[in-house]
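Each ligand, and each atom within it, is numbered from 1 in the order the structure gives. Here the structure is a predicted model, which means the values were calculated and not measured.
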Amino acid sequence: MKDAIPLPAFRDNYLWVWHADGAAAVVDPGDAAVVRKWLDETGHRLTDILITHWHPDHIGGVAELVSATGARVLGPAAEQDRMPPLDTALADGDTIEVLGTRFEVLGVPGHTLGHIAYAADDCVFCGDTLFHIGCGRLFEGTPEQMHESLGRLAALPDDTTVYCTHEYTLANLAFALRVEPDNADLERIDAAARAARDADRPTLPTTIGEQKRANPFLRADDPAVAEAVSRATGERVQPGVPTFAALRALKDRG
Ligand code: ZN
Ligand code: FE
């Protein structure tokens, strides 16, 4: 399913919708009005709401959408006490079918502890776990958990379409280029992202292959990234979790 549509919401969220035969599904509807407007304009009927984690900008519109449309709600079992009632509570390894597409549920703790991603054979809805040239903040989990979660996403096929939920790309690129100033992949992506934003277009989706090539948070096992992080922080770190943790901490300091 490579044709999901990003509905911009708030400052920098995207609510991803897709449709088949007049029915539509939405991922992380933080704002009901944005989704209802799209449904009205296109004449689709909302049947499914998928949730990746409990943060308000991802669930704020769920209750209103359910009462307006009767859509079923699928979300993380581990966070169900922090969100509107789920019709289907999901955990790592579960499979679901939405509008004819089969998804495997991946447990990807780190940003929050119960965070899940929805992986089909050609796309993934990853919530606030993986961003274009970045990753989610560690509000609840440890660097070890997030490093492993990102590794699970990186194990998906390279041509997997990645639907991230925030337009953070330019800021992520500025940070990544600060750490690796001579990275030609980052420079190329930066030029494309600037052109997209200048034209008021999203920089998303991306692909797993592009992120594996360029996103430093997915390349923490690469000695060259460990070297770059060591240089940026003035403290020697080994590849793997220590490099990932130092990179995340450096980004958090701004
Ligand atoms: Zn979040
Ligand atoms: Fe978010």
Side-chain angles (χ1 to χ4, degrees), residues 4-18 25-35 38 49-65 73-84 86 89-92 105-119 123-150 152-153 161-175 193 197 202-206 211 215 217-218 244-245 247-249 251-252 254:
I5 300 161
L7 306 181
F10 310 119
R11 242 168 76 95
D12 49 35
N13 286 67
Y14 292 123
L15 318 183
W16 292 98
V17 295
W18 80 100
V26 63
V27 183
D28 287 348
D31 185 347
V34 170
V35 181
W38 180 85
I49 298 171
L50 279 62
I51 300 171
T52 63
H53 68 294
W54 68 267
H55 284 162
D57 62 313
H58 297 252
I59 63 167
V62 172
E64 182 183 330
L65 287 173
V73 184
L74 305 92
E79 298 184 354
Q80 59 186 325
D81 54 336
R82 307 178 86 161
M83 54 182 64
L86 300 178
L90 300 167
D92 184 57
V105 175
L106 305 179
V108 285
H111 180 68
T112 64
L113 285 176
H115 199 306
I116 57 175
Y118 298 88
C123 74
V124 62
F125 293 101
C126 59
D128 285 354
T129 299
L130 174 62
F131 294 123
H132 195 356
I133 313 298
C135 76
R137 278 178 187 265
L138 304 181
F139 285 118
E140 297 177 9
T142 63
E144 286 78 6
Q145 285 173 317
M146 191 59 141
H147 181 254
E148 188 179 335
S149 294
L150 291 173
R152 293 193 68 186
L153 295 175
T161 299
V162 182
Y163 296 114
C164 318
T165 52
H166 288 275
E167 182 60 68
Y168 289 159
T169 310
L170 290 183
N172 288 342
L173 281 158
F175 171 75
R197 296 312 289 152
T203 60
L204 300 166
T206 175
Q211 296 311 306
N215 186 333
F217 293 96
L218 281 194
F244 175 78
L247 198 56
R248 190 57 261 181
K251 178 118 199 310
D252 291 343

Heavy-atom side-chain contact between Thr165 and Phe131 under 4.5 Å: yes

Nearest to the Zn ion (ligand 1) - the N/O/S atom of His53, by atom name: NE2

Taking all heavy atoms of Pro84 and all of Ala63, pick out the closest pair and write down the distance. CG-N, 4.3 Å

So does Cys164 get a backbone contact from the side chain of Trp16, meaning a donor-acceptor N/O pair under 3.5 Å? yes

Please answer whether the main-chain N or O of Thr203 pairs with a side-chain N or O of Glu167 as donor and acceptor at a distance below 3.5 Å. yes

The residue among His132, His58, His55 that forms ring pair (Phe, Tyr, Trp, His ring centres under 6.0 Å) with His166 is His58

Within His55, is some N, O or S atom less than 2.8 Å away from the Zn ion (ligand 1)? yes

So, at under 2.8 Å, which protein N, O or S atoms would a careful student list around the Fe ion (ligand 2)? Asp57 OD2, His58 NE2, Asp128 OD2, His166 NE2

Considering only N, O or S atoms of Asp128, the one closest to the Zn ion (ligand 1): OD2

Please verify the inter-ring angle class for Trp18 with Phe125; under 30° counts as parallel, over 60° as perpendicular, anything in between as tilted. parallel

Is the backbone N or O of Thr142 less than 3.5 Å from a side-chain atom of Gln145, with the two atoms forming a donor-acceptor pair by type? yes

